[in-house]
Amino acid sequence: MAIIQTNNLSKVYGSGDAVVTALRDVSLTVETGEFVAVMGPSGCGKSTLLHLIGGLDRPTAGTIQLDGDDLSRLSDTRLTEVRRRKIGFVFQFFNLIPVLDAVENAALPLILDGMKLAAARATAAEWLQRVGLDGQTSHRPDQLSGGQQQRVAIARALATEPALVLADEPTGNLDSRASDEVAGLLRQVADEWQRAVLMVTHDPRIAAYADRIVFLKDGSIIDQARLNGTPLEGAQLVRDKVEAL
Amino acid sequence: MSIQLTLAARYMAGRKLRTFLTTLAVIFGVTIVFGLNGLLPAFSEAFRQNMLASAGKIDLTVTSASGGTFEAEVIAPVRSVNGIDEATPILRQNAILPTGQAVNAVTVVGVDPESFSQVRPHSLVLGRYLQAGDKNALVLGEKLAEEMGLKLGDIFTLPSAAGATDFAVVGVIATQGVLGVEEVYVPLSTAQAMFNQAGRLNTIEARFAAQADRVQVAAAVQAQLGNRFKLGEIEGGGQFLSALAMGQIVLNLFGVLALAMGGFIILNTFRTVVAERRRDIGMLRALGATRGMVVGIILAESLLQGLLGTAIGMLIGAGLAYSLIGLIRPIFEQFLHMSFTGRPVFDIPVFIWALVLGVGITMLSGLLPAISASRVVPLEALRPMVGVAAQRAARRGAWVGAGLIGLAALTLISGAPKAAAAGAFLVLIGLVLAGPALVRPIALLFGRLLTVIFAREGQIAQGNMTRQPGRAAITASAMMIGLALIIACAGMMSSMEEGIGRYLAKSMGSDFLLMPASLVLGGGNVGASPELAQAIRDTPGVQDVTTLRLANSEARGTALQLVGIEPESFARVGGMEFMLGSEAQIYQELRNGRGIILNGVFAVRNPVQLGEWVTLKTPDGERAYQVVGVGSDLLNAKAATGFISQANLAADFHESNDLLLMVNKTPEAEVTAVRSALDGLVKQYPALTVMESTEWRETMIGMFGKVVGSLYFVLIALAIPSLIALVNTLAINVIERTREIGVIRAVGGTRRQVQRMILAESLLLAILGIAFGILAGLWLGYSLVGAVGVVGFKLTYFFPATSVLIATAVGLIFGVIAALLPARQAAQLQIVRALRYE
Ligand SMILES: Nc1ncnc2c1ncn2[C@@H]1O[C@H](COP(=O)(O)OP(=O)(O)OP(=O)(O)O)[C@@H](O)[C@H]1O
Ligand SMILES: [Mg+2]
């Protein structure tokens with residue numbers, strides 16, 4: 001079942017001489033349980049695409065169907081609700097609230113959704129354990145390493161059991177070991193918990209964890225590749241593709 | 001706890017200094033509002049207690065509605081009312097004792113011994129009570145006897161209209177004084193003779209029969225007497241209480257202003273809070289927090305801060321009230337002879353008022369930043385933090401502000417004093433709005449100057465300040481209110497000082513004054529019978545004499561003090577300034593028929609035309625007087641007053657004692673010779689003192705100066721929130737630039753340089769506040785002085801040069817003090833931590 005379906009999605013920034021077309025007629029479908037990586041040179045519109053799909057920004061033209069809703073038609077309040085219930089975000093900069101500890105951060109979307117504090121904490125703690133962070137649950141973000149912070153962010157993204165997880169360069173600030181762990185986690189998110197995952201990355205090794213890779217250039221999809229071999233083969237394939245571009 | 005409150009509490013705890021300073025701003029205002037409101041009931045309570053203590057045994061008092069004396073026969077209808085057990089006639093009058101005595105004033109109570117002891121039983125301590133047939137016998141209270149060192153059989157001399165009268169002390173009783181003035185009891189007939197009031201009374205006191213229905217009896221008495229008389233109320237109380245109410249309003253105003261300054265501080269804090277947390281807020285939005293939730297988080301924080309500040313402010317306010325009571329009690333007991341057992345009273349309304357103001361202003365100041373926080377879009381969470389770039393000054397605010405100031409200028413030019421006074425407040429608002437746009441030019445101007453002293457640091461400071469023109473402007477606004485008040489009040493004071501000097505010269509222009517030791521017209525002072533004035537007229541070297549007499553009345557529902565003048569001599573020796581009518585004609589018309597000059601205080605409340613008739617309450621019923629002029633003199637500048645001829649005052653108000661005499665000498669006469677002649681004459685009248693007018697004028701101006709001096713203290717205290725504002729802003733700046741400061745230190749900047757940088761910035765901010773404050777303060781002062789003219793007291797504006805200097809000095813000192821803590825903090829930052837700081 002398609003969880004996301006975009007139709008001729010375009011985004012234009014600025015006006016007059018300073019017009020930048022960040023996205024041009026992008027049509028993309030992501031299925032439930034599918035892990036898709038988006039790659040492309042800097043400034044090609046990867047983040048813009050994620051922002052539009054995540055309901056953080058509105059398209060200039062085209063439509064986005066998310067689990068049956070047309071995002072471009074929703075009011076701000078409804079859009080906020082969709083973000084809260086159906087989407088989980090993981091960002092490059094870990095974006096945890098500095099004054100809340102790990103459990104509280106992971107529980108935040110649940111609390112925002114009106115769940116009782118104790119229940120929210122319990123659920124969050126469970127997810128922290130699942131992503132492999134059970135020792136430091138009462139630590140504040142500045143007491144956690146980058147990889148640990150990113151696990152908290154992933155737990156937070158999963159806590160509401162969203163249909164879709166969006167990750168914008170989730171490994172951009174991590175070393176290669178931590179990157180592998182985070183990518184493995186996202187793989188698990190798709191396989192075990194049947195979420196759709198859309199991830200932006202520059203790293204071919206990390207992209208190789210995905211089921212499918214979408215290549216963007218100057219705001220348009222120029223190529224796609226399905227991976228079914230070993231991660232090593234996948235990485236090689238991606239490297240070849242990137243070089244070809 | 002809800003997520004809003006959790007986040008609020010955590011964020012606050014993470015910024016302790018800033019939270020403390022912001023809370024301090026709330027605390028200060030609440031302390032004033034709460035403490036003083038709690039204190040005031042103690043004063044009214046003390047007053048009421050003293051009234052009751054002395055009047056405890058009295059069921060009913062009857063006085064004339066106009067406040068004057070009435071014929072003794074009125075006692076008969078009172079006695080005839082069913083349910084009245086006994087009624088007693090009384091003539092009471094305040095008497096000032098000659099200087100040099102232990103007590104300077106007593107209330108002489110002329111009583112009918114038999115009926116009086118029925119109505120007001122006394123417990124005798126020594127000797128005997130007054131008896132029928134006594135003539136110059138006197139009974140006094142225990143405390144007074146002790147203070148004056150009087151024993152049975154001693155002579156007590158009282159001033160009187162007929163000269164001094166000697167009394168033998170025959171008894172001492174245990175009583176308390178009314179209003180702090182001790183009572184002495186003498187036979188009624190003697191008192192009537194003493195005060196030139198043969199056959200007249202001013203009070204009847206009555207006792208009810210045992211089972212009488214109090215309300216019914218009182219109503220029956222009122223029905224018998226008609227509306228010339230009023231029941232129950234003890235004279236003087238109303239005035240005192242309304243003065244208290246006025247004081248309460250003024251103090252509350254101070255509290256509200258202090259809180260308004262606090263509001264600016266809070267506004268600044270929350271603006272920074274929002275700027276600092278844009279990313280957190282953006283992320284909350286990305287995670288699905290609604291706009292309402294974001295507003296809720298910021299408001300929750302301001303609620304916490306408001307509650308915290310209000311709670312602490314209440315505690316300190318209560319402490320302040322208790323310690324002030326401790327200070328005030330001895331003053332009351334020693335100087336006013338009032339027992340002062342009151343304690344601060346904090347009842348529900350005081351709590352509510354403090355809470356509403358404290359929390360209300362905090363939340364209100366948090367609202368704008370909260371709304372701007374809710375506009376943060378989720379995408380802000382995703383952009384990497386690019387330090388806060390310099391803000392652009394708000395253009396629209398500047399235009400609106402300039403518009404308001406322009407409007408205010410128009411009101412000033414229009415010449416309508418009331419509009420101009422209102423306009424002055426527009427200037428305040430206009431400056432607050434235009435502030436951000438003015439920051440740059442002022443910073444550039446004074447930044448040059450600072451560069452001379454601070455070299456490079458000055459330039460950096462100047463740049464830093466202009467980065468956040470909004471914040472600098474709000475800080476300056478808080479300071480502006482404080483300093484503007486100082487300067488405006490100072491402008492008023494110096495103009496009034498100058499104006500009073502001028503008025504004194506005009507309305508008290510005679511060479512000599514004979515007046516009661518304490519000059520409060522209307523206080524029931526004993527004057528002198530007309531013989532004294534005649535004797536002075538006959539003294540060699542005296543050219544002219546005029547006198548003032550006094551009575552109380554009521555017109556158009558307001559209490560009206562009546563001054564009896566002798567038009568012809570008053571025009572020559574005394575004088576006043578007229579706003580309506582021509583001088584020569586007014587005095588002429590005052591002599592024919594019933595004419596009255598009303599003063600500005602009355603005219604403002606009850607606009608009158610020349611030739612109009614006003615009805616005055618007299619002891620014998622109502623009399624119509626025709627308005628012949630409107631004008632003001634100095635003595636009566638505060639009370640609604642009418643001036644009528646002494647002939648009319650005697651006919652309608654039965655008052656023919658002179659309360660104040662003005663004397664001019666002939667040009668060739670020696671001052672000292674005339675003075676000693678006057679001193680000789682006045683010996684018989686201990687209530688009066690002779691003064692050379694120049695000497696008296698100096699005393700008056702000196703007294704005024706003392707009042708002004710103490711007012712300055714209050715004003716400077718009021719400027720304290722501006723100090724908090726400065727510290728707060730600097731602390732915010734240091735926090736915000738932690739990383740930059742780290743970089744400066746890393747590339748070799750010394751701690752001293754960092755400190756000087758903060759100091760220079762503090763001084764620049766202070767200068768901005770001073771500049772705003774001086775401009776607004778002069779404007780406010782100028783238009784307020786104009787508005788005072790409306791109340792019938794024309795003043796010319798006097799530039800308060802000293803106060804401008806004082807305000808500047810206070811502002812600069814505050815600038816230095818404010819920099820101390822933040823500068824220390826900045827200098828002690830650990831470089832590595834500062835660089836890691838986000
Ligand atoms: N708010 C904005 N205003 C104007 N132009 C923007 C804005 N956001 C993005 N752009 C432009 O849109 C284009 C696409 O930006 P986007 O952030 O999507 O790139 P990206 O593929 O994520 O790049 P990177 O790999 O460097 O993160 C870029 O040319 C960028 O300059
Ligand atoms: Mg990007």
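Convention: sequence-line order gives letters A, B, ...; per-chain numbering from 1. All values below were derived from every heavy atom in this structure, side-chain atoms included, with hydrogens, water molecules and symmetry-related copies excluded.
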Provide the closest heavy-atom pair for B/Gly288 versus A/Thr80 in the form atom of the first, atom of the second, distance.
O-CG2, 3.2 Å

To the nearest 0.5 Å, what is the distance between CG on B/Asp280 and CG on A/Leu96?
9.5 Å

To the nearest 0.5 Å, atom CG of A/Leu100 lies from atom CZ of B/Arg10 at 5.5 Å

For A/Gln194, look at atom CD and say whether over 12 heavy atoms of other residues, nucleotides or ligands are found less than 6.0 Å away.
yes

Might you confirm whether atom CG of A/Asp218 has over 12 heavy atoms from other residues, nucleotides or ligands at distances under 6.0 Å?
no

For the residue pair A/Ile97 and B/Leu284, establish whether any side-chain heavy-atom pair is separated by less than 4.5 Å.
yes

Quick check on [X] against chain B: is it the side chain, the backbone, both or neither that has a heavy atom closer than 4.5 Å?
{"X": "A/Arg140", "value": "side chain"}
{"X": "A/Leu108", "value": "side chain"}
{"X": "A/Ile111", "value": "side chain"}

Could B/Arg285 and A/Asp76 be called an ion pair, given the rule that one side-chain N must be under 4.0 Å from one carboxylate O?
yes

Max heavy-atom pair count under 4.5 Å with chain B, selected residue of A/Asp168, A/Leu112, A/Thr77:
A/Leu112

Specify which of A/Ala157, A/Pro98, A/Pro109, A/Gly54 makes the most heavy-atom pairs with chain B at under 4.5 Å.
A/Pro98

Kindly determine whether B/Thr290 and A/Arg84 satisfy side-chain contact (heavy atoms from CB on, under 4.5 Å), including the steps that lead there.
CA-CA 9 Å; B/Thr290 59; A/Arg84 198 159 68 216; 3.7 Å; yes

